[in-house]
Structures are given as structure tokens and as C-alpha cells.
Amino acid sequence: MPIKKYNPAQIEAKWQKIWQLKKIFNARDLSKKEKKFVLAEFPYPSGAGLHMGHLRPYVAGDVYSRFLRMKGFETLYPIGWDAFGLPAENYALKMGVHPSITTKKNIANAKKQMLSWGLSFDWSREINTTDPDYYKWTQRLFLQFYKAGLAYEATGLINWCPKDKTGLANEEVIDGRCERCGTAVIKKELRQWYLKITAYAEKLLEGLKNLPEWPQAVKLQQENWIGKSVGAEISFDVIPSASEESLKVGSLRDPSTSVGMTNYIILHGRNGSPDSHTFPWLRKSLEDKGYKVQAPALPNAEEPDDEEQADYVVKKCEINENTVIIGHSFGGVVALRLLERGIKLKKVFLLCTPYSGKFLDNKKRASVTKACKKGFDFKKIKENASDFGLLYDTTDYVVPMSDGESFAEKLETNVIKIKGAEPHLSGLEEPGVLKEVSPSIEIFTTRPDTIFGATYMVVAPEHPLIENFKAQITNFKEVRKYVEKAKQKAEMERTAEGKEKTGVELKGIKAINPATKEEIPVWVADYVLWGYGTGAIMAVPAHDSRDFEFAKKYHLSIVQVVQTDIIEAESAATEYGIVINSGKFNGLKSEEAIPKMAEEFGKMAVQYKLRDWVFSRQRYWGEPIPLIHCEDCGVVPVPDKDLPVKLPNVKKYEPTGTGESPLANMTSWLKTKCPKCKKMAWRETNTMPQWAGSSWYWLRYADPKNSKKLADMKKLKYWQPVDVYFGGMEHTTLHLLYSRFWNLFLYDQGLVTEREPYKKRQPHGIVLAADGEKMSKSRGNVVDPQEIVKGFGADTLRMYEMFLGPHELSVSWNDQGVVGVKRFLDRVWEWGNLVISNKKQVTSNTEKAEKLLHRLIKKITEDIENFRFNTSISSFMEFHNQVKGETVDREYLQVFLKLLYPFAPHIAEELNEMLGGKKSLQLEAWPEFDPQKLSDALTDIVVQINGRVKGKVRLSPEASEDEVKAKALELPAVKQALVQETVKRAIYIKGRLINLVI
RNA sequence: GGGCGAGUGGCGAAAUGGCAGACGCAAUAGCUUUAGGAGCUAUCGAGAGCAAUCUCAUGUGGGUUCGAGUCCCACCUCGCCCACCA
């Protein structure tokens with residue numbers, strides 16, 4: 001009987017249709033069976049279609065899912081489309097086709113490709129991030145962040161891609177370039193929405209410890225990205241340095257001659273005077289630091305009138321733009337009245353200043369209450385002072401902390417809570433207050449043990465100290481020039497390797513090293529980064545190589561304070577050692593000195609490299625941020641009932657490049673009503689980044705059509721977490737980090753049942769072209785998977801893709817290699833047909849065939865469980881090479897087809913049907929092996945002499961050492977070796993090997 | 001500069017510390033075919049030898065072990081990630 005030719009095109013189309021019709025891959029919610037959730041990263045549907053790189057995780061997930069279903073698990077293997085993003089929009093710009101249209105077309109094409117590969121997705125759960133029914137929930141979750149205080153708007157220097165004309169998150173900048181288009185990223189000062197991922201830095205780090213099934217490399221990469229450092233925060237006082245002139249007359253510092261420098265006015269409160277409370281001490285302390293201080297005795301201190309006292313201050317005190325007012329209690333009210341009058345001040349400190357006019361002790365203070373009831377004109381107040389400091393006492397029993405919080409809200413700042421020496425900050429000495437009111441530079445260091453060696457300080461060019469001390473810095477012109485230049489430089493330039501360090505000293509001010517009490521110079525240099533730590537450092541040139549390099553160049557002093565084993569003449573000694581030249585700390589080891597010195601001079605603190613996530617994009621094709629700006633109510637979230645905020649159809653999606661979204665031109669969409677006060681208001685015009693929709697998508701698969709919730713809680717509980725997540729290494733510090741963050745947050749909000757979303761992460765290597773280079777259009781080395789399907793069939797494509805190499809390693813595609821797999825499938829087809837068409841019913845299999853089959857079951861099962869697909873394919877080939885001469889029955893063939901099914905499902909189904917199988921192999925149980933049938937009665941045991949193979953003896957694998965040894969000694973090669981030697985020792989590995997030591 | 005990973009035939013690669021190179025590609029010879037292709041059979045790390053066989057071989061150099069591609073140390077090369085991160 002002629003054998004029908006193997007025709008992959010025909011049988012593949014046939015089975016793909018049957019699978020779809022019977023919906024056999026659809027997962028059942030809340031099934032009694034144990035569940036498995038297999039996930040592969042959903043694709044961005046680009047115009048070029050899916051490529052070889054997509055195939056790898058999808059086929060791996062498919063093999064695994066088909067295997068799990070046969071193993072009896074309720075298996076969910078879903079798919080969807082991550083369809084918002086720049087390429088669709090850029091294409092739209094070029095061709096004038098709306099992104100929704102190109103996206104639709106691309107999805108249809110990608111889906112066709114996936115179906116042609118025979119992937120067993122549950123298509124009933126298909127999702128699309130650009131579908132309003134989906135992004136309604138993306139918006140809703142954003143508001144959840146907003147309401148929890150984890151989404152905030154702030155102006156800052158952000159990464160900006162000049163080509164894509166949008167802001168970028170830190171994670172989207174790869175080697176100083178835009179992750180999407182490769183353009184060098186610049187820094188731009190912009191008002192942006194941020195998600196406070198830093199609030200989850202510790203949780204993201206901690207969570208990694210509970211992910212034993214994640215590859216170490218992925219965990220390490222996330223750990224490094226979060227970048228936790230433990231060290232100390234230490235404050236260095238800043239003082240005006242002696243001017244040239246004052247030096248001439250011999251006095252160190254004469255405050256009266258320092259024109260334009262910071263000066264202080266202390267305003268006492270009700271029932272106070274310049275000589276009461278902490279004021280004399282505070283005054284002396286500030287004067288000791290070199291500042292001019294005025295402290296008027298205000299009129300009618302017993303029952304004060306705010307306006308009268310303000311008049312008095314104007315009359316009696318010298319006030320200019322560099323004046324800092326410290327207003328204690330009612331004195332703070334007076335300071336605010338000055339600002340209301342249009343008097344410009346540098347900074348105002350409110351110390352326990354009343355706001356409500358109500359007191360915790362319920363006593364009446366009529367004059368104070370009266371003044372408070374008048375209210376404050378905060379608009380004017382904010383206009384006239386550049387900065388505020390709100391210091392409130394946690395032990396105060398008169399003025400409530402809520403008064404401080406009210407001021408904080410109106411003045412858009414935070415309350416600094418201090419435990420006073422006496423309640424209401426009225427002790428004779430209040431060091432907490434002094435620390436806050438006197439200018440200082442906060443630094444972070446991991447080496448507080450070297451503080452005695454801090455011989456200068458460096459601030460980043462963006463540090464506000466520079467502007468704050470504008471008046472005192474004598475070489476300000478030079479400084480400003482340096483700062484401007486540094487800000488203009490692209491990040492890449494600034495951090496370029498081997499670049500020589502530059503900087504300018506801030507002449508006219510000095511810092512005081514809190515350990516040595518010495519005055520040290522302050523520099524600005526761009527080797528200190530504004531974005532990390534506090535944007536300022538104490539420089540210890542003896543023990544930090546960067547500081548060393550800088551100190552050498554600018555001839556700054558170098559003081560060694562740690563003795564290390566390694567003697568280094570021309571570089572810094574950065575290792576731990578024994579502390580020296582450090583007073584009472586001498587002799588301590590660095591490890592011991594670090595916590596001790598941190599406590600002495602500051603406090604232990606933790607810093608992370610992770611930055612908050614810049615979450616707004618100035619582009620069209622993304623989820624609109626669901627917020628409304630109202631003149632009276634401020635930022636108001638769109639109420640749930642009005643979600644989704646649909647992306648409007650616009651004619652022009654051209655990015656403006658100004659930092660405004662194209663949506664800003666859509667007046668009709670832009671104008672809306674404030675949900676709170678119903679007055680006219682404006683919509684937020686920024687859209688969300690690419691990564692928003694994918695930050696929660698796996699949750700939606702549990703219940704993709706739910707219109708009431710992002711997913712039903714019971715269904716979530718059944719399906720979560722993802723058991724295996726297939727995806728690329730490139731998402732480690734992008735999607736994978738972001739989605740863990742969202743999930744951890746949603747867990748804290750009680751919206752999901754699992755802390756961590758993915759139990760196991762299975763990364764895959766890149767599929768390279770035959771030349772070992774990345775496949776790319778420009779190189780012309782792209783292999784289109786559809787060409788392989790056309791030429792050889794999907795089963796060949798799938799198996800070859802798996803056969804290329806280990807799943808997690810990069811592999812090179814080799815066109816010639818494909819035929820090897822095709823040949824194998826041809827032979828399987830032929831062999832199958834031979835067994836099926838055998839007229840004489842074979843009733844038993846040969847012993848050898850039995851052994852081969854049970855070994856294969858064991859091997860394939862273990863390989864799939866460990867994602868070693870490449871060796872599975874080898875084993876199939878090896879099996880086939882050995883079994884083809886043996887006689888086997890039909891059941892035997894069926895077991896083989898079950899094993900083959902996850903890898904090459906079409907051919908397996910077809911042969912199974914020809915064999916008389918009535919149902920899909922998917923519904924069959926996975927074969928079990930019989931351990932009894934794995935080995936032969938006799939086996940070859942290797943005989944070695946001194947570890948070198950001399951021969952083999954054929955014995956039972958259960959043979960004893962003596963038996964094996966006796967037989968081994970009979971081998972001619974062994975006899976010959978033993979002519980002049982004797983066996984000193986024998987090592988026997990049961991059933992495998994004997995080594996004779998002579 | 002820091003972290004992680006990898007170096008095995010002409011190529012992709014395999015090998016719980018136990019026969020290195022399974023499996024596949026390419027190559028060579030033969031059979032088959034009008035030819036090309038495809039298929040089938042055999043050979044296929046290097047060197048020596050008529051041969052049985054022997055010697056050398058897993059980036060380099062040491063070490064541990066009865067025995068090392070595998071474990072340890074140092075070095076070299078490549079890849080990835082981070083990077084003036086205080």
C-alpha cells in the first residue's frame with residue numbers, strides 16, 4: 001500500500017481548525033482540578049509582524065501548557081496585545097493613518113501568525129490594552145495610586161528624548177540613549193507625573209528573597225538597579241568665610257561688613273522677650289557662626305496685636321531679600337503679616353505658630369485667636385518668600401500639630417517635627433531648632449568612618465545651595481558659568497568614562513567638618529550627581545578614588561584617617577582598615593567605627609539608586625491620565641463612573657516638543673466640568689507610558705470581560721500567581737520591575753491575593769541570525785517564520801526553534817539546520833504509517849523497544865519539567881534511530897505520539913487519528929514510565945586502571961564489587977597492565993564503573 | 001571600575017565528579033536517479049601505526065580527587081547588566 005506523503009500544510013490547517021472549533025484550550029475558572037497559569041509576555045503588534053524572537057517564548061509556553069493539560073492540570077495559557085506605544089503613532093504621523101487602524105490591522109496579522117504556529121492559547125480571554133474596556137481599569141488603578149499619595153506631580157530635571165519628543169523613565173534610558181529609538185537623551189526641566197516606586201524600594205528588594213524559582217541573574221539585576229546602600233546622613237554647617245577686608249583688620253569675621261549675606265531676625269511670641277526662652281542661646285549660636293542677628297523686643301507682648309508688631313519690626317529692623325525670620329509662636333504670625341505687606345524675605349521659619357486659634361489646653365488667648373481668625377493671604381505670602389520651614393514640637397500641649405499641617409498644606413511644604421527640650425520649643429537650648437535654621441549641607445556617605453579625613457565638600461551643579469548663597473559667593477559669575485555649562489551637557493557627556501573631573505570653588509563660604517570642627521572649602525563639580533543621595537558629598541580624598549583625583553588636580557589637602565594593609569602611594573586607599581587620626585575613635589576597625597561615628601555626627605540612613613517613575617508622556621497614543629485641573633479645587637480625579645477617559649480622535653498627533661501633549665490642542669476634549677465644584681476645568685493632557693497597560697495585564701486574564709471590577713476576587717484567587725512566566729532578559733528592569741511594583745501596591749490595597757505576581761521566571765536567549773548578529777532589516781539577515789512554515793510546516797519550525805540550543809541562551813538561526821528536523825518528522829510519518837498499516841496485528845513489542853520507550857518517557861517528562869527542550873528533540877531523534885528496526889504494536893506508537901504531541905502537535909494528532917484515536921491527544925493522559933523497564937538485565941560496566949579506560953565487562957547492574965573485580969581482572973588489557981603491578985585499591989560505582997588503582 | 005555568565009570538532013551543541021564530542025548541520029565515499037535535488041549506507045577531534053592499538057585533546061597555568069569539561073585558586077578572551085551611585 002503506498003504511503004500518503006507527509007503534507008504539513010494540509011494537516012496543520014486541519015488541526016488548527018478542529019482545535020478552534022472544539023475550544024479545547026479554553027481554561028475553566030474555579031475548576032476542581034489544580035490550576036497552572038502559564039504566561040508569555042504579550043507582544044506589541046508591530047507592522048513587521050511577529051519575528052523569530054517571539055516564537056521562542058510562545059512555543060516554549062505552548063509545549064509546557066500542552067504537557068500540563070495532559071498531566072491533569074487546569075491550565076491557563078492566555079494571550080493579548082500590548083498595543084499602545086510609539087511605533088503605531090510614528091507610523092500614523094508618516095502615513096496619516098490613525099493608530100487605531102494600523103493597530104487593528106497589525107493585531108489581525110499577528111493573530112494569524114500565532115494560529116499558523118499552532119499555539120494553544122485560550123483565545124476567549126484575548127485582551128488589548130488599547131481597548132477602552134481594558135484601559136478603563138488601567139486608569140482606575142492609576143487613580144488608586146493617586147489616592148494613596150503614590151502618584152504625584154512635580155517639576156524636575158527629567159530624561160527627555162529629543163526625537164520622540166517625550167519624557168522618559170530612568171529605566172527607559174539605556175547607556176544614555178532612548179530605549180526605543182536610540183537617540184541620545186537630554187535633561188529637561190519639566191512638570192511631570194511620577195509614580196512613587198521608591199516607596200516600594202525595600203518591598204521590591206525583600207520580595208526577591210521569596211522567589212526561589214527566579215534565576216539568580218534576574219534577581220541580581222533588579223537588586224543592583226534598586227541599589228540599596230547603607231550609610232550615614234550627616235549635616236555640615238555652612239558659614240560665611242572671612243572676607244579679604246576683614247582679614248586685613250585682623251578679625252576673623254565681622255558680620256557688619258558682610259553686605260548682602262544672610263541675616264536673621266528672631267521674633268518672640270506672646271508673653272516672651274528677646275531674653276526669654278531659647279532666644280539668647282539661639283542668637284549667640286548664630287552669631288558664633290558669623291551671622292548678623294536682630295532680635296527686637298515687640299510691643300504689648302502680653303496681649304499682642306499682629307499688625308502693630310509688624311509695624312514695629314519694619315521700623316526697627318534692617319530687612320532685605322537675604323533676611324531670614326525665625327518666628328516663634330505668635331512671632332510667626334507677625335512674620336507672615338510682613339510677607340502679606342509685600343516685604344520680600346529669603347526664608348521664614350514658623351516655630352509652633354498657631355493657625356486655627358484653638359489650643360490643646362483649652363485656655364483662652366484672645367489676642368492670638370483674634371489674629372488667627374483674620375486668616376492669611378497665602379498667595380501673597382508665597383510670592384514674597386522663596387522658602388518656608390515649619391518646625392513643630394511633638395510634645396507641645398498648646399499649639400496642635402494640626403496647625404502646622406494646615407500651614408504645610410497651604411505653603412506646599414512639610415512639617416518638620418521636633419521633640420523640644422521643653423514643650424512648645426521653649427527650652428533654654430533647642431539644638432533641634434538651631435540645626436534647622438542654620439544653613440547646612442546634608443550629605444550621604446557609606447563611609448562615616450572616614451569623616452575626619454573630609455577635607456572639602458562638593459555639591460552638584462543643580463544644588464539649591466548655590467542660588468541660596470548667591471550673595472555670599474564672591475566668585476558667583478564664575479560659578480554660574482560652570483553650572484550653566486554642566487546643565488547643558490548631555491548625561492552621556494557628563495558621565496563619559498575617563499573624563500577629567502572639573503569644578504569651581506564656592507568662594508566666600510565654608511563648611512565646618514563636624515568631626516574636626518575645621519573650616520573646609522565647598523566646591524561645585526559635576527562628578528557629584530544631583531539625582532543620587534542628597535546631591536552633595538563630603539570629600540575624603542585619602543580614601544575615595546574620585547575625591548583623590550579631584551584633590552590632586554586642585555591641590556586640596558589629603559588626610560589619611562584609615563590604616564589599610566595595602567600601601568598605596570599614588571591613589572586612594574578605599575578598603576576598610578583601622579581608624580587613625582580620628583580622636584577617640586582611633587584604633588577601631590572601619591566596621592565598628594561606621595555605626596558609632598554615624599550616630600555621633602549624624603544618623604544611619606539608607607539610600608537607593610532607584611528613582612521615582614516618570615509616568616507621563618507627551619504623546620498621543622497612550623492611556624489619558626484621568627485627572628482634571630480645576631482653578632479652585634486643584635487636581636481632581638475623574639470619578640469612577642466617568643471612566644474610561646477615552647482617547648479622543650484627533651487630526652494632528654504631532655508631538656509638540658514643548659513638553660505639552662498633542663491632546664493640549666484638542667479644545668473640545670480639553671474643557672470639562674470640575675467633578676467637585678462643577679466649574680469649568682481642564683483635563684490632564686499627558687498620557688501614560690508604554691508600560692502602564694502591561695503592569696497589571698496578567699490579572700485581567702483571570703476575568704477579562706468583567707465590567708464591574710478589574711477581575712472577580714474568587715477568580716483571581718484561583719488563578720494567581722502566574723506559575724511560569726516566559727520572557728526576555730531585556731525586561732528585567734522595565735516591565736518585570738514595574739509590574740512587581742503594581743502588584744505589591746495592589747496587594748497592600750487588598751485588590752489582589754498574592755504579594756508577588758510571578759512564581760517562576762523563565763528567561764530566554766535571543767535568536768540571532770546565522771552570522772551571529774542580531775536580526776535586523778538593515779543587516780538584511782532577518783528570517784521570516786512564515787517562510788519556514790510555508791517551506792517545512794509549523795511542526796518543523798517549532799521543533800527546530802527548540803532544538804537550536806538551551807532555552808535561556810542566545811542561539812544562532814541556521815537555515816540549513818532546519819532540514820534535519822524536517823527529515824526527522826518525515827521519518828516519524830513514515831514509521832507511523834508503517835506501524836498503522838501493518839496487516840499482521842503485532843501483539844507484543846520487543847524487549848529493546850520497551851526499554852527505549854520507557855527511557856524516552858522518563859527523559860521527555862524530565863526535560864519538559866526543566867525547560868530543557870533542546871535535549872528533548874535530540875532524545876526523540878536518538879530514540880527513532882534505535883527503534884526503527886524493532887517490532888512494535890499500535891499502542892506503542894500512540895504512547896510515542898503523546899510524547900511528541902507538545903512539540904509537534906499537528907503531525908501527532910494526524911497520526912493518532914489514523915491510528916484510530918477518537919479524541920484529541922490533548923485530552924489523553926501523559927504517559928508514565930515503568931522503572932522496571934528502564935534497564936537491561938545485563939549492562940556494560942567500565943573498567944579503568946588509574947582512571948584510564950581499559951575495557952568493559954558485561955554483568956548485571958546489581959553485580960557486587962567482587963564479581964565485577966573478578967571479571968575485570970580477566971580482561972587481557974588488565975592482565976597486561978598487572979604483569980609487574982598489583983591492585984592497591986578498587987573503587988566501584990555500582991552498575992557503572994570500576995577503577996583499579998595500581 | 002563593579003557585578004553576573006560563558007569559553008568543548010568545520011558549525012549548533014551533549015555530558016547527576018565516572019566511557020568527552022550524544023543529537024543535528026556541513027563535509028567525504030558508495031548505492032539509487034536521465035540529471036539536479038531528495039533518499040539510503042558508511043566515515044567524520046588531532047597525531048602515530050599495516051593493524052590490534054597507543055599518545056594528545058574541553059581558553060591558559062596551578063590545585064583537590066582513585067578519577068576533573070564538571071569542584072577550588074590565579075590569569076586570558078568574549079558576552080550581558082550597572083557605572084563618577086558618594
Side-chain angles (χ1 to χ4, degrees), chain A residues 174-176 215-225 227-229 231-232 443-448 450 454 458 460 494-501 525-529 531-540 543-547 549-550 574 607-611 729-730 732-733 765-766 770 772 799-800 803-806 808-824 826-827 830 868 870-881 940-952 972-973 984-989 992-998:
Chain A
I174 314 282
D175 292 334
Q216 207 56 39
V218 174
K219 288 193 276 190
L220 274 169
Q221 219 169 294
Q222 287 208 351
E223 208 177 297
N224 289 342
W225 187 260
K228 181 178 179 172
S229 319
I443 62 105
F444 174 77
T445 178
T446 53
R447 293 295 302 273
T450 63
V458 186
R494 233 170 105 167
T495 59
E497 199 171 347
K499 195 192 78 105
E500 200 181 327
K501 291 180 177 40
D526 66 3
Y527 82 91
V528 170
L529 308 174
Y532 181 75
T534 59
I537 60 156
M538 66 174 197
V540 185
H543 305 291
D544 180 286
S545 46
R546 294 153 302 179
D547 298 341
E549 192 193 320
F550 193 78
T574 56
Q607 277 291 338
Y608 301 94
K609 287 200 314 195
L610 186 72
R611 319 276 168 85
M729 219 40 208
E730 70 276 14
T732 300
T733 53
I766 306 167
M799 283 194 97
Y800 185 61
F803 184 57
L804 277 172
E808 65 282 0
L809 258 51
S810 289
V811 291
S812 294
W813 182 269
N814 180 353
D815 268 326
Q816 287 179 314
V818 187
V819 301
V821 171
K822 177 62 169 30
R823 279 175 198 156
F824 165 72
D826 280 336
R827 286 174 212 154
E830 209 175 306
R868 287 194 303 246
N870 56 327
T871 53
S872 291
I873 313 294
S874 298
S875 306
F876 277 122
M877 292 171 168
E878 210 175 336
F879 167 84
H880 188 264
N881 290 345
D940 285 329
I941 295 170
V942 174
V943 179
Q944 294 182 333
I945 288 180
N946 289 346
R948 319 212 65 144
V949 179
K950 288 292 170 188
K952 288 164 193 173
K984 294 197 187 94
R985 212 180 134 188
I987 291 110
Y988 177 54
I989 312 295
R992 305 186 67 163
L993 171 143
I994 188 161
N995 187 13
L996 304 172
V997 186
I998 59 174

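For clarity, every value in this text was computed on a predicted model and none was experimentally measured. Per chain, numbering begins at 1; letters A, B, ... match sequence-line order.
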Residue [X], side-chain heavy atoms: nucleotide from [options] that is nearest:
X: Tyr532(A); options: rA13(B), rG24(B), rA86(B); answer: rA86(B)
X: Val819(A); options: rC25(B), rC56(B), rA86(B); answer: rC25(B)
X: Gln816(A); options: rC84(B), rC25(B), rG24(B); answer: rC25(B)
X: Asn881(A); options: rG24(B), rC19(B), rA86(B); answer: rG24(B)
X: Thr871(A); options: rA14(B), rG67(B), rA86(B); answer: rA14(B)
X: Val949(A); options: rG18(B), rA20(B), rC84(B); answer: rA20(B)
X: Asn995(A); options: rG12(B), rA86(B), rG67(B); answer: rG67(B)
X: Lys950(A); options: rC25(B), rC54(B), rC19(B); answer: rC54(B)
X: Asn870(A); options: rG24(B), rA13(B), rC4(B); answer: rA13(B)
X: Ala217(A); options: rC4(B), rA14(B), rC84(B); answer: rC4(B)

Distance check, [atom1] atoms only: [N] and [M], in whole angstrom units.
N: rU58(B); M: rU77(B); atom1: C1'; answer: 16 Å
N: rA15(B); M: rC23(B); atom1: C1'; answer: 12 Å
N: rU55(B); M: rG69(B); atom1: P; answer: 16 Å
N: rA52(B); M: rU65(B); atom1: P; answer: 37 Å
N: rU53(B); M: rG39(B); atom1: P; answer: 34 Å
N: rG45(B); M: rG24(B); atom1: P; answer: 15 Å
N: rC81(B); M: rC75(B); atom1: C1'; answer: 23 Å
N: rU8(B); M: rA68(B); atom1: C1'; answer: 14 Å

Would you classify rG9(B) as syn or anti? Syn applies when the glycosidic angle is within 90° of 0. syn

Can you measure [X] atom [atom1] to [N] atom [atom2] for me and round it to whole angstrom units?
X: Asn224(A); N: rC82(B); atom1: CG; atom2: P; answer: 10 Å
X: Phe876(A); N: rA13(B); atom1: CZ; atom2: P; answer: 21 Å
X: Leu809(A); N: rC78(B); atom1: CG; atom2: P; answer: 19 Å
X: Arg823(A); N: rC40(B); atom1: CZ; atom2: P; answer: 8 Å
X: Phe803(A); N: rC23(B); atom1: CZ; atom2: C1'; answer: 5 Å
X: Phe879(A); N: rG24(B); atom1: CZ; atom2: P; answer: 14 Å
X: Ile873(A); N: rA13(B); atom1: CD1; atom2: C1'; answer: 14 Å
X: Leu610(A); N: rA83(B); atom1: CG; atom2: C1'; answer: 16 Å

Using a heavy-atom cut-off of 4.0 Å across all strands, would you classify [X] as base, sugar-phosphate, or nothing?
X: Leu804(A); value: sugar-phosphate
X: Ser229(A); value: sugar-phosphate
X: Val997(A); value: sugar-phosphate
X: Arg827(A); value: sugar-phosphate
X: Gln944(A); value: base
X: Ile989(A); value: base

So CD1 of Ile994(A) and NZ of Lys950(A): to nearest 0.5 Å the spacing works out to 15.5 Å

Interatomic distance, CZ@Arg447(A) vs CD1@Ile537(A), rounded to 0.5 Å, equals 13.5 Å

Using a 4.5 Å cut-off on heavy atoms from C-beta on, say whether the side chain of [Y] contacts that of [X].
X: Val949(A); Y: Val943(A); value: no
X: Ile766(A); Y: Glu730(A); value: no
X: Phe803(A); Y: Val811(A); value: no
X: Glu549(A); Y: Tyr527(A); value: no

Minimum heavy-atom distance between Tyr532(A) and Phe444(A), given as atom pair plus value: OH-CE2, 4.0 Å

Between Thr574(A) and Asp544(A) the two heavy atoms that sit nearest each other are CG2-CA, 4.1 Å

For a quick check, tell me whether the side chain of [X] and the base of [N] share a donor-acceptor pair closer than 3.5 Å.
X: Ser874(A); N: rA22(B); result: yes
X: Arg992(A); N: rU16(B); result: yes
X: Lys984(A); N: rC66(B); result: no

All side chain to side chain donor-acceptor pair (under 3.5 Å) counterparts of Asp815(A), not counting sequence neighbours: Trp813(A)

Would you mind telling me which residue lines up with the more 5' stretch of RNA chain B, Asp826(A) or Tyr800(A), judged by nearest nucleotide? Tyr800(A)

Does Arg948(A) put a side-chain nitrogen or oxygen below 4.0 Å from OP1 or OP2 of rC56(B)? yes

Step by step, work out the side chain to side chain contact (heavy atoms under 4.5 Å, CB included) result for Met729(A) and Val218(A). CA-CA 7 Å; Met729(A) 219 40 208; Val218(A) 174; 3.6 Å; yes

Could you tell me whether the side chain of Asn995(A) and the main chain of Gly947(A) form a donor-acceptor pair under 3.5 Å? yes

According to the Watson-Crick and G-U wobble definition with distances under 3.5 Å, which dot-bracket string, read 5' to 3', encodes RNA chain B, using [ ] for crossing pairs and | for pairs with another strand? (((((((..(((.....[....))).(((((.......))))).((((....))))..(((((..]....))))))))))))....

